[in-house]
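None of these values were measured; they are calculated from a predicted model. Any value given below was found using the heavy atoms of this structure, including those in side chains, with hydrogens, waters and symmetry copies removed. Here, residue 1 is the first one in the sequence, and each next residue gets the next number.
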Amino acid sequence: MPSLMLARLDRETAAQGGDAVADRTQLLTPAQTDYRVALSRLWGFEAAVEGACARTVGFTALLPARVRTHMSGLRADLAALGVTAPSALPLCAVPDAFDSPGTALGWIYALDRTARIHAQLAKHVGKLPSAYLMTARDLGALGAACDRHAKPPQLANQVVEAARRCFVEQHQWYAAAGFRSSASARVAPIARRAAR
């Protein structure tokens with residue numbers, strides 16, 4: 001059965017999700033960017049978010065099987081490009097842990113929503129390392145966790161708002177490094193604290 005909460009998230013964050021896809025396409029188009037720098041910037045955002053989610057009280061009870069194979073793939077791709085210590089790369093300034101499991105679910109949704117285009121992007125990287133792009137995300141488990149957690153309307157609203165904040169923070173993180181897509185003009189800047 002399809003996840004009602006994922007359908008709601010897709011619908012209510014369509015504009016931000018579309019902008020995130022544009023950012024990701026710009027970031028991972030090797031002809032336009034330095035692929036090693038782009039993957040390093042990606043690591044800085046995704047490692048920070050995944051770490052904060054893992055440290056959020058109650059999150060692993062909701063999504064116990066959160067497999068981070070995409071992060072292993074990203075680490076392998078970076079190593080193949082000469083970045084052997086990604087833990088030394090700059091990380092986005094997200095909280096050490098999110099304030100609730102619902103907030104963490106919203107941020108994970110935003111990461112996984114953006115990753116839906118990875119298989120398509122992998123076709124454009126040629127012989128460059130692409131383990132990260134070829135690793136599937138488990139949307140079924142995420143949808144089930146969101147549906148279980150977000151039955152009360154206030155919790156569902158919290159997940160949606162967290163996803164929106166993640167999309168904005170992600171866009172700002174890439175834009176700060178000089179990666180700009182056509183979506184840049186549509187994303188309203190907000191204060192960093194308000195984005196969390």
Exercise. Look up atom CG in Leu74 and atom OG1 in Thr135, then write down how far apart they are to the nearest 0.5 Å.
Key: 9.0 Å

Quiz item: Under 3.5 Å, is there a donor-acceptor pair between the His171 and Gln16 side chains?
Solution: no

Quiz item: Hey, does the side chain of Arg164 reach the backbone of Glu12 with a donor-acceptor pair shorter than 3.5 angstrom?
Solution: yes

Exercise. Under the side chain to side chain contact (heavy atoms under 4.5 Å, CB included) rule, what do Asp23 and Thr114 come out as? Steps first, then yes or no, please.
Key: CA-CA 9 Å; Asp23 284 345; Thr114 308; over 6 Å; no

Quiz prompt | Straight-line distance of Leu39 CG to Leu28 CG, nearest 0.5 Å | solution = 6.0 Å

Quiz item: Can you name the closest pair of heavy atoms from Ala145 and Leu63 and give their distance?
Solution: CB-CD1, 3.7 Å

Quiz item: Under 4.5 Å between any side-chain heavy atoms of Phe45 and Pro90, yes or no?
Solution: no

Quiz item: Minimum heavy-atom separation for Ala52 to Phe98, with atom names?
Solution: CB-CE1, 3.5 Å

Exercise. Assess the side chains of Arg137 and His118: does a donor N or O sit below 3.5 Å from an acceptor N or O?
Key: no

Quiz prompt | Arg24/Asp19 ion pair, N-O < 4.0 Å | solution = no

Quiz prompt | Under 3.5 Å donor-acceptor, Trp43 side chain and Pro86 backbone | solution = yes

Quiz item: Side-chain contact, heavy-atom cut-off 4.5 Å: Val49 with Gln170?
Solution: no

Exercise. Give the C-alpha distance, both sets of side-chain angles, the deciding distance and a yes or no for side chain to side chain contact (heavy atoms under 4.5 Å, CB included) between Trp107 and Phe167.
Key: CA-CA 8 Å; Trp107 282 67; Phe167 283 131; over 6 Å; no

Quiz prompt | Value rounded to 0.5 Å, distance of OH in Tyr174 from SG in Cys92 | solution = 9.0 Å

Quiz item: Where do Leu133 and Lys123 land on the side chain to side chain contact (heavy atoms under 4.5 Å, CB included) test, with the steps shown first?
Solution: CA-CA 10 Å; Leu133 295 175; Lys123 297 173 186 173; over 6 Å; no

Quiz item: Is there a donor-acceptor pair closer than 3.5 Å between any side-chain N or O of Arg55 and the backbone N or O of Asp96?
Solution: yes

Practice problem: Working to the nearest 0.5 Å, report the span between CG of Leu42 and CG of Leu27. | Solution: 5.0 Å

Quiz item: Hey, any chance Leu155 and Leu142 share a hydrophobic cluster, counting ILVMFWY side chains that come within less than 4.5 Å of each other, even indirectly?
Solution: no

Quiz item: Looking at OG of Ser3 and CG of Asp10, how far apart are the two atoms once the value is rounded to the nearest 0.5 Å?
Solution: 8.5 Å

Self-check item: Heavy-atom closest contact (Thr56 atom, Pro101 atom, distance)
Solution: CG2-N, 3.9 Å

Quiz item: Under 3.5 Å, is there a donor-acceptor pair between the Thr69 and Ser72 side chains?
Solution: no

Exercise. Would you check if Val159 and Met5 make a side-chain contact, meaning some heavy-atom pair closer than 4.5 Å?
Key: yes

Quiz prompt | Leu89 to Leu78 - nearest heavy-atom pair and separation | solution = CD1-CD1, 4.3 Å

Quiz item: Is a side-chain donor or acceptor of Arg36 paired with a backbone partner of Gly82 at a separation under 3.5 angstrom?
Solution: no

Self-check item: Evaluation steps, side chain to side chain donor-acceptor pair (under 3.5 Å), between Tyr132 and Arg75
Solution: CA-CA 8 Å; Tyr132 169 74; Arg75 183 183 292 273; over 6 Å; no

Self-check item: Nearest atoms (heavy-atom pairs only) where Ser40 meets Val83
Solution: OG-CG2, 4.0 Å

Quiz prompt | Non-hydrogen atoms of Ala47 and Leu91 that approach each other most closely | solution = CB-CD2, 4.1 Å

Self-check item: side chain to side chain contact (heavy atoms under 4.5 Å, CB included) between Arg113 and Leu9, worked out
Solution: CA-CA 9 Å; Arg113 163 69 175 87; Leu9 282 159; over 6 Å; no

Self-check item: Close side-chain approach of Leu105 and Phe59, heavy atoms under 4.5 Å
Solution: yes

